[in-house]
Amino acid sequence: MIIAVDGPAAAGKGTLTRALAEHYGLPRLDTGILYRAVAAALLADGADPSDAQAAEAAASTLDLSRFADAELRTSGVGEAASVVAAQPRMREALLLFQRAFAARPPGAVLDGRDIGTVVCPDADVKLFVTASAAARARRRWLELRQAGQDVDLAAVEADIERRDARDASRDAAPMRPADDAHLLDTTEMDIEAAFRAAVAIIDAARG
Ligand code: CDP
């Protein structure tokens, strides 16, 4: 079974897909980390994240062990990742890896922006997880503070709104719900409620 989970920044896809992966006994791929790692590699090498050739080269030689998870989770790397991610050839370089991950039995839970539309258009179940910008900003702000980053809530909200606008308006695999995606708005839900709602959708979709 392949479960595709897409949605805007800080919608809670990470927490949700970890819980779903455990519940259904499937491996999980956070595809955002791939884009973040390519961005971090460019920044570390002093390259410009909008340099399409450098981005494609970095994606083709991606070494995920080069960076610690916390280094990849900063808002600076998130912003650079969204600039990098607008480039079609670098996306192409990451596509095979993602599809191969999903194709291995017994399937997988993948989270990203284009899983239901491009990476796994035939996924068994597709979720598009959203929440209001204010709710998402608050969650990301708490997450960053817990990780020891001193950030301003208004700045976090402005960051994720700018990134969402870029991700949704790009030509290459823009962020959008697949036609057959189930929308899940978690604005008023805690983690447990969002998990239960997602399981209800997935179990109903599997019949
Ligand atoms: O964790 P958060 O929701 O803030 O972002 P992420 O999932 O780590 O993704 C970082 C950036 O990578 C996004 O803003 C997108 O520009 C890009 N991305 C993408 O284009 N396609 C994906 N499948 C996943 C991420």
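Just so you know, ligand 1 is whichever comes first in the structure, and atom 1 is the first atom listed for that ligand.
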Would you call Ile33 and Leu72 a side-chain contact if the rule is heavy atoms closer than 4.5 Å? yes
Are the side chains of Gln98 and Leu34 in contact, using a 4.5 Å heavy-atom criterion? yes
Is there a side-chain contact between Met1 and Arg206, using heavy atoms and a 4.5 Å cut-off? yes
Select all protein residues for which some heavy-atom-to-ligand 1 distance is less than 4.0 Å, and list them by chain and number. Ala9, Ala10, Lys13, Thr31, Gly32, Tyr35, Arg36, Ala81, Ser82, Ala85, Arg91, Gly112, Arg113, Asp114, Arg140, Arg163, Asp167, Arg170
Is a donor from one side chain sitting under 3.5 angstrom from an acceptor on the other, for Asp167 and Tyr35? no
Go through the side-chain N and O atoms of Thr186 and Arg139 and say whether any donor and acceptor fall under 3.5 Å apart. yes
Residue pair Arg113 / Lys13, side-chain heavy-atom distance below 4.5 Å: yes
